[in-house]
Amino acid sequence: MAADGVVVIGAGPAGAAAAIGLARMGEPVTLVGEPRRFAAVEGVSARVLEALRGLGLEQALRAFAPPSPRRALWNGALSEANTESLVDRQSFDRGVLDDLQRLGVKVVRGHVAEAASAPGRHEIRVETADGVRTLVADFLVEARGRAAPGGGLPRVRGAETVSLLQYWQGPPGSAHSAVQSCEDGWAWMAALADGRRYLQLTLDVRSAALPPKKALADYCAARLRGIDAAAPFLRDAEPVGEPHARTSTPVLNEVLAGDDWIRVGDAAMAVDPLSGNGIFQALSSALQAPAVVATLRHDPARAQLARQFHRQRIEQLFYRFARIGRDFYAQETCWPQSPFWAARRGWPDRAPLHAEVRPDTVEVARRPVVSGGRIVEAEVVVTPDQPLGVWHLDGVPLAPLLKAVQAAPGRPAEAVLQGLDGLGAEAAVRIAGWMRTQKWIF
């Protein structure tokens, strides 16, 4: 059986970003996936929409509602400072699959029933509308989200968390969303213009006294009716179908790539939904994956460097988003003894979200970077807040410029930089000013 080259399993944002990047690099890539099987709504920021636009996902973008306000009742205080664009994930997923085909990615629509791997060979059995189809890949990109098999690999796990999603139907209206904390968790509510409402309770697995499955719908409805911010979403609406329970536990896979496979998106690391960065982190974990894949496939001498690059970036993303969630949890002080809040306000650690940077803490070191579609090693500027390093600004390598400034104490940085690497006076002033805002230099 002829090999299909690179096969991406999963048609969410991470799988789509990886497949598009691989196709643009000329890699033979096939994506296998289907829309999410349960109804759900997500909210995203403007930067997510911009990232999707950059990928060329035009049809998927049409599934998003215009930006709408999000009411937050947190720690007893009401805020309406943030906006988000709501999207029906099933409509979004269908749009992504259509976009992928338009962009030249080979797509197999269906459900992966089985994936068996041996060194250099992966057989994927797919249940499609036309029957069972078997693909053979020499490289596998695992992008099935939280549903991806763990393979017995070690994982870092946060507090065990479950989210109960219930779909309600009401009359049409404007799109909007809300979030509210409660003693044993928090609730997120979203209404679409066509009257669909999605209400989600997020609770601690160990301390939540959940009823049997047959009583879950009544439990969710009763709990939601006791939440003030949910009242506008429940008004004139009725629940439809049964609630969907899914894990929301933060998870980081400690092994993220091998010689012929890689994990991206939630299959690599999944964050607490409170961070509000689900689609963004999925995209962030996958945008540079094509360079890792290409290096592993075509430049085995740099395979270890490529795996190191991917692991370090996934870990940095995970802990950054985990600390964002931690700090938001810590803002809620109404129930200091509640098991839910106690388990989350100090996890994963006490490290600040942003480490202090001073000129004496900034150094030049060699780190893996993306260059020409491959992972190579280069000199970068490393700081406590950017431990993986900053390579260039607007295409200008920064490490040699910083070394020159550090080697000339007492001289104005602008004067040192002018003429280096062909920099004119205006560029020297701009880069020196940027270095000062980053606290690299005085």
Close side-chain approach of Tyr319 and Val156, heavy atoms under 4.5 Å: yes

Gap between atom CG of Leu86 and atom OG of Ser177 - 0.5 Å precision: 5.0 Å

side-chain hydrogen bond (donor to acceptor under 3.5 Å, both in side chains) involving Tyr167 - partner list, sequence neighbours excluded: Gln169

Test side chain to side chain contact (heavy atoms under 4.5 Å, CB included) applied to Ile227 and Leu201, step by step: CA-CA 10 Å; Ile227 295 174; Leu201 289 167; 3.8 Å; yes

Partners passing salt bridge (Lys or Arg N to Asp or Glu O under 4.0 Å) against Glu332 (at least two apart in sequence or in another chain): none

Sidechain-backbone polar pair: Asp194 side chain, Arg196 backbone, donor-acceptor under 3.5 Å: yes

Atom pair CZ (Arg311) and CG (Leu256), whose distance is rounded to the nearest 0.5 Å: 8.5 Å

Electrostatic pair Asp93:Arg89 at N-O distance under 4.0 angstrom: yes

Derivation and outcome, side chain to side chain contact (heavy atoms under 4.5 Å, CB included), residues Val370 and Phe309: CA-CA 9 Å; Val370 177; Phe309 173 89; 3.5 Å; yes

Pairs involving residues 87-113, ordered by first then second residue, that meet ring pair (Phe, Tyr, Trp, His ring centres under 6.0 Å) (sequence neighbours left out): Phe64-Phe92

Candidate list Val48, Asp266, Leu317, test side chain to side chain contact (heavy atoms under 4.5 Å, CB included), partner Gln281, passing option: Asp266

Gap separating the CG atom of Leu210 from the CZ atom of Arg223, nearest 0.5 angstrom: 9.0 Å

Pairing residues for Phe328 by the ring-ring contact (aromatic ring centres under 6.0 Å, His included) criterion, not counting sequence neighbours: Trp74

Pairs meeting criterion side chain to side chain donor-acceptor pair (under 3.5 Å) with involvement of residues 338-348, two or more places apart: Thr161-Arg344, Asp204-Arg344

Any donor-acceptor N/O pair, Asn253 side chain to Val255 backbone, under 3.5 Å: no

His122 side chain near Asp260 side chain, heavy-atom distance below 4.5 Å: yes

Under the side-chain hydrogen bond (donor to acceptor under 3.5 Å, both in side chains) test, residues paired with Arg246 that sit two or more places apart: Gln200

Audit row: His298, Glu27, side-chain hydrogen bond (donor to acceptor under 3.5 Å, both in side chains) steps and yes/no: CA-CA 11 Å; His298 307 300; Glu27 297 288 334; 2.9 Å; yes

Set of salt bridge (Lys or Arg N to Asp or Glu O under 4.0 Å) partners for Arg53, sequence neighbours left out: Glu50

Within residues 155-179 or reaching into it, pairs that qualify as salt bridge (charged side-chain N to carboxylate O under 4.0 Å, His left out) - sequence neighbours excluded: Arg157-Glu160

Arg206 atom CZ, over 12 foreign heavy atoms within 6.0 Å: no

Heavy-atom side-chain proximity of Asp421 to Pro400 below 4.5 angstrom: no

Audit row: Arg109, Glu34, salt bridge (charged side-chain N to carboxylate O under 4.0 Å, His left out) steps and yes/no: CA-CA 6 Å; Arg109 302 187 187 221; Glu34 61 180 350; over 6 Å; no

Atom pair CG/CG of Asp99 and Leu61 - distance to nearest 0.5 Å: 7.5 Å

Glu123/Arg121 under salt bridge (charged side-chain N to carboxylate O under 4.0 Å, His left out): CA gap, chis, key distance, verdict: CA-CA 7 Å; Glu123 289 194 13; Arg121 181 181 174 87; 2.9 Å; yes

Gln331 CD: over 12 foreign heavy atoms closer than 6.0 Å: yes

Short side-chain to backbone donor-acceptor contact, Arg71 and His176, under 3.5 Å: no

Non-hydrogen atoms of Leu287 and Ala17 that approach each other most closely: CD2-CB, 4.1 Å

Residues Val41, Trp188; criterion side chain to side chain contact (heavy atoms under 4.5 Å, CB included); working and verdict: CA-CA 10 Å; Val41 165; Trp188 182 74; 4.0 Å; yes

Where Glu142 and Pro149 come nearest, the two heavy atoms and their spacing: OE1-CD, 4.1 Å

side-chain hydrogen bond (donor to acceptor under 3.5 Å, both in side chains) against Ser79, all qualifying residues, sequence neighbours excluded: none

Exam field: side chain Asp272 to backbone Pro250, donor-acceptor pair closer than 3.5 Å: no

Among Leu305, Thr295, Leu388, side chain to side chain contact (heavy atoms under 4.5 Å, CB included) partner for Pro368: Leu305

Side chain Asp236, main chain Pro171, donor-acceptor under 3.5 Å: no

All salt bridge (Lys or Arg N to Asp or Glu O under 4.0 Å) counterparts of Asp259, not counting sequence neighbours: Arg307

Stepwise side chain to side chain contact (heavy atoms under 4.5 Å, CB included) test for Leu252 and Glu315: CA-CA 7 Å; Leu252 168 66; Glu315 287 179 352; 4.1 Å; yes

Flag side-chain contact, heavy atom, 4.5 Å: Ile324 against Val271: no

Heavy-atom side-chain contact between Pro348 and Phe318 under 4.5 Å: no

Salt bridge (charged side-chain N to carboxylate O under 4.0 Å, His left out) between Asp349 and Arg326, worked out: CA-CA 9 Å; Asp349 51 33; Arg326 173 204 64 191; 3.2 Å; yes

Qualifying residues under salt bridge (Lys or Arg N to Asp or Glu O under 4.0 Å), relative to Asp138, sequence neighbours excluded: Arg297

Side-chain donor/acceptor of Arg197 to backbone N/O of Phe233, under 3.5 Å: yes

Distance in Å, Thr202 OG1 paired with Leu165 CG, rounded so as to fall on 0.5 Å steps: 9.5 Å

His310 (side chain) donor-acceptor with Arg263 (main chain) under 3.5 angstrom: yes

For Gln438, all residues meeting side-chain contact (heavy atoms from CB on, under 4.5 Å), sequence neighbours excluded: Trp434, Trp440

Value rounded to 0.5 Å, distance of CD in Glu242 from CD in Gln166: 8.5 Å

Closest contact, heavy atoms only, Ile9 versus Ala115: CD1-CB, 4.5 Å

Carboxylate-amine/guanidinium proximity below 4.0 Å for Arg62 and Asp98: no

